[in-house]
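Please read these numbers as outputs of a predicted model, since none were measured by experiment. One-based numbering along the sequence shown. Note that ligands are numbered from 1 as they come in the structure, with each ligand's atoms numbered from 1 the same way.
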Amino acid sequence: MHLIEVEDLWKIYKNGVEALKGISFTVDEGEVFTFLGPNGAGKTTTIKILSCVLKPTKGKVVISGYSSPKECDKIRRVVTTVPQEFQGFSDLTVRENIEYFAKLYDTVDKVDEIIEKLDLKEHERKRFKELSGGLKRRVAIACGLVGDPRVIFLDEPTIGLDPKARRNLWKLIETLKHMKITVFLATHYLDEAEKLADKVGVIYKGKIIKISSPSELMEEFKKENLEDAYLSLMEQLKSEEE
Ligand SMILES: Nc1ncnc2c1ncn2[C@@H]1O[C@H](COP(=O)(O)OP(=O)(O)OP(=O)(O)O)[C@@H](O)[C@H]1O
C-alpha cells in the first residue's frame, strides 16, 4: 500500500520562487525513503507540505488515505516531523520531555515503551540541556514517536553528530523500520542513504529526477557507492543544462 502519494505537486512562494515544479512519487508502508538533492532543491518545502505545515500551490497529496490540505487534522495524527532545530525543554528530564508530548497526544501509556525501544532508560533522569547532540536527537525522535505515528519525517537528523552518534542514529532508524513506521529521510549524507534507504528520490531544482533503489542507481552509473553514483547523476544534469 502506498502510504504517501504525491502527484504533480507545486509550490510557488509569495516572492515568486518556484520551489516545487510538479513533483510526483509514492512511498510504501514501512519503507525508508531517502530524499536527496542539493541545497535549495526543495526537500524541506516538500516535507513541510507533507506534514501540513505549508499549503501546496497545487497538486495531489494523500497520506495514509487522507488528502492534504483538506484533511490535515487527520494527517497530523498519523505523521510526526523531527525538525533540525528541535529544542526540548532544557530544564526537564528526558522522561519529562517525552511525557509532555505524550500528554499532548493523549498517549501517556506509551512513554515506557518508547523509552525502552529507543534505549533511553539509562538517560531518563538526565536534564535535556545536559545531553550530547546525539542523545538530544534521540529524545527528539522519542517525543515524536510517542504520538504513535505511521510516518516520521526526519530532516537531516545526523547533521553535526560525531561518527559514533551517527551510527547510533542509523540503528535507531532501523528500529523504526522494525516498528513498521514509514521513514521519510532528507539528508546530504550519501553513506547514510546507501545504508538505510529502500528507495531514494533525487530532487533537483524543484523536479524529481530519479526514483530508484540505491543499488539500481549505483548500477546505472557503474559505481561502487551511492555517493559516486549521485555525483555522476549531478554532473550529467549539469552537462545537459549547458
Ligand atoms: N519561505 C520561503 N519563501 C520564499 N522562498 C523560499 C522559502 N523557503 C524556501 N524558499 C526557497 O525555495 C527553494 C527550495 O528551498 P528548500 O528549503 O525547500 O530546499 P532544500 O532542498 O531543503 O535545501 P537545503 O538542503 O539547503 O535544506 C529555495 O530556492 C529556497 O530559497
Side-chain angles (χ1 to χ4, degrees), residues 4-27 31-61 63 68-69 72 75-76 79-87 133 136-137 140-141 144 151-161 165-166 169-170 173 182-197 199-212 214 217 225-238 240-241:
I4 301 176
E5 272 184 78
V6 173
E7 210 179 296
D8 197 24
L9 179 64
W10 286 78
K11 178 65 190 179
I12 304 169
Y13 283 107
K14 282 200 184 99
N15 61 359
V17 171
E18 293 186 336
L20 301 178
K21 301 176 195 163
I23 64 170
S24 302
F25 61 91
T26 57
V27 181
E31 199 165 59
V32 176
F33 180 83
T34 303
F35 208 29
L36 306 174
N39 291 128
K43 298 178 299 296
T44 305
T45 302
T46 305
I47 289 183
K48 283 186 174 163
I49 293 173
L50 297 188
S51 51
C52 289
V53 173
L54 205 61
K55 270 194 183 163
T57 305
K58 65 172 178 167
K60 178 175 153 187
V61 176
I63 298 186
S68 170
C72 269
I75 291 177
R76 285 193 193 99
V79 154
T80 196
T81 309
V82 181
Q84 286 167 27
E85 67 282 4
F86 175 87
Q87 289 299 336
K136 280 185 177 155
R137 300 281 159 84
I141 293 174
V151 188
I152 186 161
F153 291 99
L154 301 173
D155 197 358
E156 299 186 40
T158 60
I159 210 159
L161 298 187
R166 280 184 76 210
L169 215 105
W170 293 0
I173 291 172
T182 304
V183 179
F184 191 105
L185 171 72
T187 184
H188 288 295
Y189 297 119
L190 278 296
D191 54 344
E192 193 160 290
E194 183 178 333
K195 173 104 176 66
L196 299 168
K199 200 153 86 187
V200 296
V202 182
I203 185 167
Y204 183 76
K205 296 189 176 172
K207 289 186 179 165
I208 297 274
I209 44 145
K210 190 69 75 183
I211 301 273
S212 69
L217 199 59
N225 62 63
L226 189 62
E227 182 158 287
D228 287 342
Y230 173 81
L231 290 173
S232 300
L233 173 63
M234 288 296 132
E235 272 168 28
Q236 189 188 68
L237 286 167
K238 289 220 176 81
E240 281 168 9
E241 281 173 350

Could you list all the salt bridge (Lys or Arg N to Asp or Glu O under 4.0 Å) pairs where at least one residue sits in residues 31-40, not counting sequence neighbours? E31-K199
I'd like the residue list for ligand 1, meaning every protein residue with a non-hydrogen atom under 4.0 Å from the ligand. Y13, N15, V17, A19, P38, N39, G40, A41, G42, K43, T44, T45, E156, H188
F184 and F25 aromatic ring geometry - parallel, tilted or perpendicular at 30°/60° bounds: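 If you compare the ring of F25 with that of F184, the planes turn out tilted.
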Set of side chain to side chain donor-acceptor pair (under 3.5 Å) partners for S68, sequence neighbours left out: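 S68 satisfies side chain to side chain donor-acceptor pair (under 3.5 Å) with no residue once adjacent residues are dropped.
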Determine yes or no for a side-chain-to-main-chain donor-acceptor pair under 3.5 angstrom, with R137 supplying the side chain and I159 the backbone. yes
Counting heavy atoms not belonging to K207, are there more than 12 under 6.0 Å from its NZ? no
Quick one: list whatever passes salt bridge (Lys or Arg N to Asp or Glu O under 4.0 Å) with R76, sequence neighbours left out.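 Salt bridge (Lys or Arg N to Asp or Glu O under 4.0 Å) check on R76 returns nothing, list empty.
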